[in-house]
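Since the structure comes first, as structure tokens, the remarks are kept for the end.
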Amino acid sequence: MTTLQNTAGAAPAAPSRSLWALGWQRLKRDRIGFASLWIVAAFMLLALASWLGLIGRGWNDEIAVSYAPPTAIYQQDKSVAVHKSKAAEPALEGLKPAEDPIWAETQRARQNRDKYVVPEVKKAESLTFGADQRGRDILDKVIKGTSTSLFVGFFGSLLAIVIGAVLGASAGFFGRKVDDFLMWFYSVFTAMPDMLLLLAFAAVAGRGLGTVVLVLSLTTWTGVFRLVRAEFIKLRSREFVQAADAIGASSARRMFVHILPNISHLLLVQFSLLMVGLIKYEVILSFLGFGVDVRQVSWGSMLAEVPEELLQGYWWQLAMVVVFMSVLVTAFSMLTDSLRDALDPKVK
């Protein structure tokens with residue numbers, strides 16, 4: 001006969017929390033990291049709204065005069081100009097009809113003028129944040145450029161993670177000849193400077209949004225490969241992997257179902273690091289003329305217009321790009337540091 005223990009007065013056991021739950025709790029306690037998360041999320045929503053056509057869709061419309069200044073500067077200059085005294089100019093008297101040899105022809109032409117004259121569209125003298133050379137709204141341009149740069153950073157990082165994780169998992173799990181061949185392949189890519197390899201791929205592939213994503217991912221997977229390979233070498237001999245092998249699990253299942261989820265937190269940190277790097281690389285490529293197509297806009301293509309504008313004293317496009325880019329890159333960098341600390345299993 002078995003006896004039942006009385007556990008009515010015992011304290012309930014605390015439920016065990018996963019690494020992700022613990023990481024979320026640590027991230028919420030980190031004020032800087034949590035604020036950076038909200039800033040990055042706001043930029044993501046801004047980019048998504050731009051891609052859906054909710055905002056920034058009229059970035060290519062010429063709605064203002066060339067280099068229209070920001071409204072605040074325009075109002076200040078206008079008020080100064082009104083208070084300036086102007087010298088009176090002598091009035092010019094026109095010719096009388098009897099003195100004008102083409103007066104009759106001019107009157108007949110004026111009667112038919114409305115049939116041929118195209119009504120002139122009045123353009124704005126100023127915009128909230130100014131206009132570029134063609135009179136396009138800089139605010140709409142920088143919003144659309146934000147969506148383009150984030151698109152390149154997100155999908156380029158995602159593809160680089162996939163390439164690096166698959167190759168690194170294969171090298172670390174199988175070892176031997178597979179590891180030797182993939183390490184040789186990795187050494188070939190890392191032997192050349194990153195920027196030189198990037199420009200070489202871009203020059204061969206041409207311009208375009210999809211091309212930029214592909215080129216960036218093919219040149220930035222090496223860091224992920226090295227990390228995943230080292231983790232697979234460390235985990236492939238653990239007990240849970242041997243148990244999966246004992247019950248007949250295939251190599252692919254052991255690699256991507258049993259081992260890969262245990263390093264997913266490291267891949268998330270790598271993803272955020274790559275996002276920052278690829279956004280910068282896209283700006284450099286577009287600035288040099290190897291980036292997005294001429295029918296598209298990004299932060300790099302906007303910065304390519306800046307040198308000519310600065311020579312003429314028009315600085316507002318540079319200011320908008322610098323503000324947006326610095327806020328996003330700084331928030332992403334701080335979020336990456338917070339994620340690394342929050343998802344580190346050694347941190348209590």
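Keep in mind it's a predicted model, so treat the numbers as computed, not measured. In this chain, residues are counted from 1 in sequence order.
Considering CE of Met302 and CD of Glu309, their distance stands at 8.5 Å, rounded to 0.5 Å. Interatomic distance, CG of Leu199 versus CG of Leu285, reported as 6.0 Å (0.5 Å rounding). Of the inter-residue distances, the one linking Ser157 atom OG with Ile161 atom CD1 reads 7.0 Å to the nearest 0.5 angstrom. Taking CZ of Phe189 as the start and CH2 of Trp184 as the end, the distance is 10.0 Å to the nearest 0.5 Å. Rounding to the nearest 0.5 angstrom, the gap separating the CZ atom in Phe173 from the CG atom in Asp179 is 13.0 Å. Here NE2 of His265 is found 11.5 Å from CG of Leu339. Values are rounded to the nearest 0.5 Å.
Asp341 is not listed as a side-chain neighbour of Asp30, based on a closest heavy-atom distance of 4.5 Å or more. At least one side-chain heavy atom of Leu273 sits less than 4.5 Å from a side-chain heavy atom of Arg340. Residues Leu235 and Ile263 are in side-chain contact: their nearest non-hydrogen atoms beyond the backbone lie under 4.5 Å apart. Taking the side chain as every heavy atom from C-beta outward, Gln317 and Val142 never approach each other to under 4.5 Å. Between Ile233 and Arg229, some side-chain heavy-atom pair lies under the 4.5 Å cut-off. Side-chain atoms of Trp59 and Ile143, non-hydrogen and from C-beta on, never get closer than 4.5 Å to each other. With a 4.5 Å cut-off on side-chain heavy atoms, Phe34 and Leu335 do not count as touching. Contact check for Met255 versus Ser170: side-chain heavy atoms found under the 4.5 Å cut-off.
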Only pairs under 3.5 Å count here: list side-chain donor-acceptor contacts from residues 218-225, not counting sequence neighbours, and write none if there are none.
unit_1: Thr219; atom_1: OG1; unit_2: Val215; atom_2: O; d: 2.9
unit_1: Thr219; atom_1: OG1; unit_2: Leu216; atom_2: O; d: 3.2
unit_1: Thr220; atom_1: OG1; unit_2: Leu216; atom_2: O; d: 2.6
unit_1: Trp221; atom_1: NE1; unit_2: Leu218; atom_2: O; d: 3.0

Can you give the donor-acceptor pairs under 3.5 Å from side chains of residues 42-54 to other protein atoms, not counting sequence neighbours?
unit_1: Ser50; atom_1: OG; unit_2: Ser147; atom_2: OG; d: 3.3
unit_1: Trp51; atom_1: NE1; unit_2: Ser147; atom_2: O; d: 3.2

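Shown here for Asp137 and Gly130, the closest heavy-atom pair between the two residues is OD1-O, 3.7 Å. Residues Gly156 and Ser217 come closest through the heavy atom pair O-CB, 3.5 Å. Counting all heavy atoms, side chain and backbone alike, Gly23 lies closest to Leu343 at CA-CD2, 4.1 Å. Contact between Pro307 and Leu303 at its shortest, heavy atoms only, is CD-O, 3.4 Å.
The pair Lys141-Glu305 meets the salt-bridge criterion, with a side-chain N (NZ, NE, NH1 or NH2) lying under 4.0 Å from an Asp/Glu carboxylate O. A salt bridge links Asp245 to Arg254: at least one charged side-chain nitrogen sits closer than 4.0 Å to a carboxylate oxygen. A salt bridge does not link Lys177 with Asp180: none of the charged nitrogens is closer than 4.0 Å to a carboxylate oxygen. Salt-bridge annotation for Arg295 and Asp293: present, with a side-chain N of the basic residue lying under 4.0 Å from a carboxylate O of the acidic one.
Under 3.5 Å, the side chains of Lys144 and Gln296 contain no donor-acceptor pair of N or O atoms. Using a 3.5 Å distance cut-off with no hydrogens or angles, the side chains of Ser286 and Trp299 do not pair a donor with an acceptor. Residues Ser272 and Thr336 have side chains that bring a donor and an acceptor to within less than 3.5 angstrom of each other. Neither side chain, Gln133 nor Ser66, offers a donor N or O lying under 3.5 Å from an acceptor on the other.
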Test log, rule side-chain contact (heavy atoms from CB on, under 4.5 Å), inputs Phe287 and Ser301:
CA-CA 5 Å; Phe287 181 80; Ser301 63; over 6 Å; no
Please determine whether side-chain contact (heavy atoms from CB on, under 4.5 Å) holds for the pair Met275 and Leu150, giving the CA-CA distance in whole Å, both sets of side-chain angles, and the decisive distance to 0.1 Å.
CA-CA 8 Å; Met275 278 281 290; Leu150 279 176; 4.0 Å; yes
If you apply the rule side-chain contact (heavy atoms from CB on, under 4.5 Å), what do you find for Val152 with Ile279, and how did you get there?
CA-CA 7 Å; Val152 171; Ile279 288 174; over 6 Å; no
For Phe332 and Leu328: C-alpha separation, side-chain torsions, deciding distance, then whether side-chain contact (heavy atoms from CB on, under 4.5 Å) applies.
CA-CA 6 Å; Phe332 245 121; Leu328 177 61; 3.8 Å; yes
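Taken together through direct or relayed side-chain contacts under 4.5 Å among Ile, Leu, Val, Met, Phe, Trp and Tyr, Leu267 and Phe154 form part of one hydrophobic cluster. Cluster membership for Trp315 and Ile138, using ILVMFWY side-chain heavy atoms within less than 4.5 angstrom, is shared. Phe129 and Val65 fall into different hydrophobic clusters, defined by Ile, Leu, Val, Met, Phe, Trp and Tyr side-chain heavy atoms under 4.5 Å apart, directly or through other members. Linking Ile, Leu, Val, Met, Phe, Trp and Tyr residues whenever their side-chain heavy atoms come within less than 4.5 Å places Leu139 and Ile73 in a single cluster. Cluster annotation: Val321 is not connected to Leu311 through the hydrophobic network of ILVMFWY side chains, with a link wherever side-chain heavy atoms come within less than 4.5 Å.
The main-chain N or O of Val297 is found under 3.5 Å from a side-chain atom of Thr148 such that the two form a donor-acceptor pair. A side-chain donor-acceptor contact under 3.5 Å links Arg236 to the backbone of Gly172. Panel note: side chain Asp61, backbone Ile63; no donor-acceptor pair is recorded below 3.5 Å. Looking at Ser36, its side chain never comes within 3.5 Å of a backbone N or O of Met334 through a donor-acceptor pair. Thr330 places no side-chain N or O within 3.5 Å of a backbone atom of Val327 that could act as its donor or acceptor partner. Ser149 places no side-chain N or O within 3.5 Å of a backbone atom of Thr146 that could act as its donor or acceptor partner. Although no hydrogens or angles enter the test, the distance criterion places no donor-acceptor pair under 3.5 Å between the side chain of Ser126 and the main chain of Ala68.
Relative orientation of the Tyr314 and Trp316 rings is tilted, given thresholds of 30° and 60° on the angle between their planes.
Within 6.0 Å of CG on Leu288 lie more than 12 heavy atoms contributed by other residues, nucleotides or ligands. Remark: Phe181 CZ is loosely packed, at most 12 non-hydrogen atoms of other residues, nucleotides or ligands lying under 6.0 Å away.
With sequence neighbours excluded, no residue forms a side-chain hydrogen bond (donor to acceptor under 3.5 Å, both in side chains) with Gln242.
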